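Please read the structure below before turning to the comments.
We count residues from 1, following the sequence as given. Only a predicted model underlies this, so the values are computations on that prediction, with no experimental measurement involved. Worth knowing before you read on, the calculation uses all heavy atoms, side chains too, and leaves out hydrogens, waters and symmetry mates.
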Amino acid sequence: MITTGQALACGLTVGQIRSQVERGLWIRQAREVFLSLAHPLEAAARIRVVAHARAATIDRTAAAWWHGLVRDVPGPITAAVPRSAKPNATCGVAADLKRRTYPHEDITEVRGIQVTGTALSVLGAASEHEEGLVFLDRMIQKRVVTVPELVAALDRNRGVHGLARVRKLLGVSADGSESEAERLFVRMLRSEQITGWKQQFPICGRPWDFAWPAERVGVEIHGYAFHRHEDRWNRDLAKANSIACLGWIPLAYSWKQLNLAPGDCMRELANALAARRAELL
């Protein structure tokens with residue numbers, strides 16, 4: 001793909017550019033944007049055409065692909081255009097365009113194309129992905145992006161359509177993802193009519209998120225940031241081991257498990273409680 005400006009910079013004249021088009025060697029994709037007949041219109045070329053033809057910032061799934069974070073580029077190229085952009089600008093590549101302006105902290109240039117930064121690209125792709133929660137978790141575990149970076153990008157882009165869903169997926173609230181996960185767990189307990197629990201119940205001198213003292217079952221709830229801290233992981237292992245030695249059943253559930261497999265979580269807990277109650281008979 002080449003623009004008129006790039007061709008002129010390479011030494012071609014306007015007449016030579018016109019000749020390439022008239023001879024069918026260059027195919028016009030948009031005003032002053034051409035594709036060589038020798039090169040197929042593949043994903044990278046499609047993104048470049050949209051970026052140049054629309055003066056666009058590539059975002060969402062297309063940006064994640066450009067960063068190398070997803071395998072497949074979407075059908076229509078996802079991008080943001082200035083609010084002043086002409087709505088009927090001709091372009092030969094299908095695009096899903098949104099009129100929005102991103103903060104400068106969330107825009108970068110990669111291989112000559114203006115795209116959203118890594119954190120916002122991950123959030124945007126997750127908002128469109130059927131398994132957005134799985135995608136977010138994978139990006140965090142691979143250390144492509146951190147939870148604080150995702151939260152900061154969310155906060156800078158409040159009101160952007162689609163990101164409210166990602167905020168819920170991430171479990172971000174004013175008092176942190178673990179508190180949100182705990183509130184979700186409480187709703188699940190009430191929905192399943194599981195009773196007898198206490199919150200922040202001390203066992204072996206340490207508070208547990210949820211405990212069933214009569215059945216001696218303790219549950220810890222972990223938010224997204226949990227698996228990013230090895231020292232805390234080790235402390236919680238020791239915490240679980242200490243109550244297991246006293247005959248308690250320690251269980252733990254993550255924000256991801258509560259969202260993707262809530263039924264499995266409730267069945268496991270119900271089975272543990274039932275087993276303990278049977279022992280007490």
Side-chain angles (χ1 to χ4, degrees), residues 1-130 135 139 144-145 153 157 160-163:
M1 191 222 76
I2 191 168
T3 66
T4 298
Q6 291 169 339
L8 293 173
C10 290
L12 276 70
T13 66
V14 173
Q16 289 172 321
I17 295 173
R18 185 184 305 114
S19 175
Q20 293 288 90
V21 174
E22 291 173 348
R23 292 161 58 196
L25 298 177
W26 287 4
I27 302 170
R28 189 185 302 275
Q29 297 296 320
R31 186 173 181 270
E32 299 189 347
V33 179
F34 310 95
L35 183 72
S36 170
L37 183 64
H39 296 87
L41 189 60
E42 295 181 341
R46 290 167 52 218
I47 288 176
R48 289 186 181 278
V49 168
V50 171
H52 286 286
R54 304 284 192 175
T57 299
I58 303 301
D59 65 3
R60 291 167 283 161
T61 305
W65 185 88
W66 198 255
H67 282 291
L69 306 179
V70 297
R71 181 176 301 175
D72 301 318
V73 71
I77 301 302
T78 52
V81 296
R83 300 185 186 279
S84 59
K86 295 180 180 179
N88 57 350
T90 302
C91 180
V93 175
D96 176 6
L97 303 176
K98 304 293 184 185
R99 292 184 177 275
R100 59 181 57 151
T101 302
Y102 294 116
H104 66 87
E105 299 98 326
D106 292 306
I107 296 177
T108 187
E109 185 174 300
V110 179
R111 302 193 301 280
I113 296 298
Q114 184 167 285
V115 299
T116 48
T118 302
L120 187 56
S121 298
V122 167
L123 293 169
S127 73
E128 299 184 328
H129 204 289
E130 289 185 4
F135 176 70
M139 294 298 101
V144 170
V145 68
N157 292 275
V160 170
H161 180 73
L163 291 189

Which heavy-atom pair separates [X] from [Y] by the least distance, and what is that distance?
X    : Y    : answer
T116 : T57  : N-CG2, 3.9 Å
P76  : R46  : N-NH2, 4.3 Å
L123 : A153 : CD1-CB, 3.7 Å
A125 : A64  : CB-CB, 3.8 Å
W65  : A44  : CH2-N, 3.8 Å

Side chains of [X] and [Y]: does their closest heavy-atom pair fall under 4.5 Å?
X    : Y    : value
V70  : F135 : yes
I77  : L97  : no
T13  : R18  : no
L120 : D59  : no

Salt bridge flag under 4.0 Å for residues R60 and D96: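 Yes, this pair counts.
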For the backbone of [Y] and the side chain of [X], can you confirm whether one donor and one acceptor N or O come within less than 3.5 Å of each other?
X    : Y   : result
H129 : T61 : no
R100 : V81 : no
T78  : A62 : yes
R111 : W66 : yes

Using 0.5 Å steps for rounding, measure from the [atom1] atom of [X] to the [atom2] atom of [Y].
X    : Y    : atom1 : atom2 : value
M139 : L69  : CE    : CG    : 5.5 Å
D106 : N157 : CG    : CG    : 4.5 Å
Q114 : H52  : CD    : NE2   : 11.0 Å

Would you sort out whether T118 and T108 count as a side chain to side chain contact (heavy atoms under 4.5 Å, CB included), showing the intermediate values? CA-CA 9 Å; T118 302; T108 187; over 6 Å; no
